[in-house]
Amino acid sequence: MEAVSRESQAKSERLATLGREIRGHLNGFIGSAGLMLDDPLSASQREQLVTLRTSAESVNQSVKDVLEYSTI
């Protein structure tokens, strides 16, 4: 029984580490898009950056939700 508990804990730790790594990269996308949106852009470029940032924020939230669910 203790081995199962240790294995479950190890899986949770690996998932948490992976989640932090993914979210770190996504936050890089979000931050970079935000900085680029401060620059003069064409309407098309602005729309594409807003789409990129919104999509990255959605994936970031999904990863957060999965990590929260996995700890239950």
Side-chain angles (χ1 to χ4, degrees):
M1 192 69 170
E2 190 175 313
V4 171
S5 178
R6 281 194 310 263
E7 184 178 320
S8 178
Q9 179 66 28
K11 285 181 184 179
S12 293
E13 289 174 10
R14 285 192 303 270
L15 183 60
T17 299
L18 180 61
R20 281 190 300 274
E21 289 178 10
I22 291 170
R23 292 181 72 207
H25 293 295
L26 286 170
N27 284 323
F29 288 126
I30 294 165
S32 294
L35 290 172
M36 287 187 271
L37 285 167
D38 291 339
D39 292 336
L41 301 167
S42 70
S44 175
Q45 290 170 322
R46 184 165 300 281
E47 182 180 343
Q48 291 170 2
L49 275 173
V50 167
T51 300
L52 172 70
R53 185 175 63 180
T54 303
S55 296
E57 289 170 344
S58 294
V59 172
N60 201 18
Q61 184 61 50
S62 295
V63 170
K64 180 181 175 185
D65 292 345
V66 167
L67 290 174
E68 286 179 9
Y69 179 76
S70 71
T71 60
I72 296 175

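Positions are given from 1 along the sequence.
The side-chain hydrogen bond (donor to acceptor under 3.5 Å, both in side chains) check on E57 picks up nothing, with sequence neighbours excluded. Take R46 and apply the side-chain hydrogen bond (donor to acceptor under 3.5 Å, both in side chains) test, not counting sequence neighbours, and it matches no residue. For R14, there are no salt bridge (Lys or Arg N to Asp or Glu O under 4.0 Å) partners, not counting sequence neighbours.
In the hydrophobic clustering, where aliphatic and aromatic side chains (Ile, Leu, Val, Met, Phe, Trp, Tyr) are joined below 4.5 Å either directly or transitively, V4 stands alone. Cluster note: L37 groups with M36, L41, L49, V50, L52 through ILVMFWY side-chain heavy atoms spaced under 4.5 Å, whether in direct contact or through intervening members.
Screening residues 25-40 for side-chain hydrogen bond (donor to acceptor under 3.5 Å, both in side chains) gives N27-N60 as the qualifying pairs, with residues at least two apart or on separate chains.
Exactly one of E7, R6, K11, E13 qualifies for a side chain to side chain donor-acceptor pair (under 3.5 Å) with Q9. That residue is E13.
Applying the 6.0 Å contact sphere to CD of Q61 captures more than 12 heavy atoms from other residues, nucleotides or ligands.
Scanning both residues, R53 and G34, for their nearest heavy atoms gives NH1-CA, 4.0 Å.
Note: the hydrophobic cluster containing I30 does not contain V66 (ILVMFWY, side chain heavy atoms under 4.5 Å, direct or indirect links).
Expressed to the nearest 0.5 Å, how far CG of L26 lies from OG of S62 amounts to 9.5 Å.
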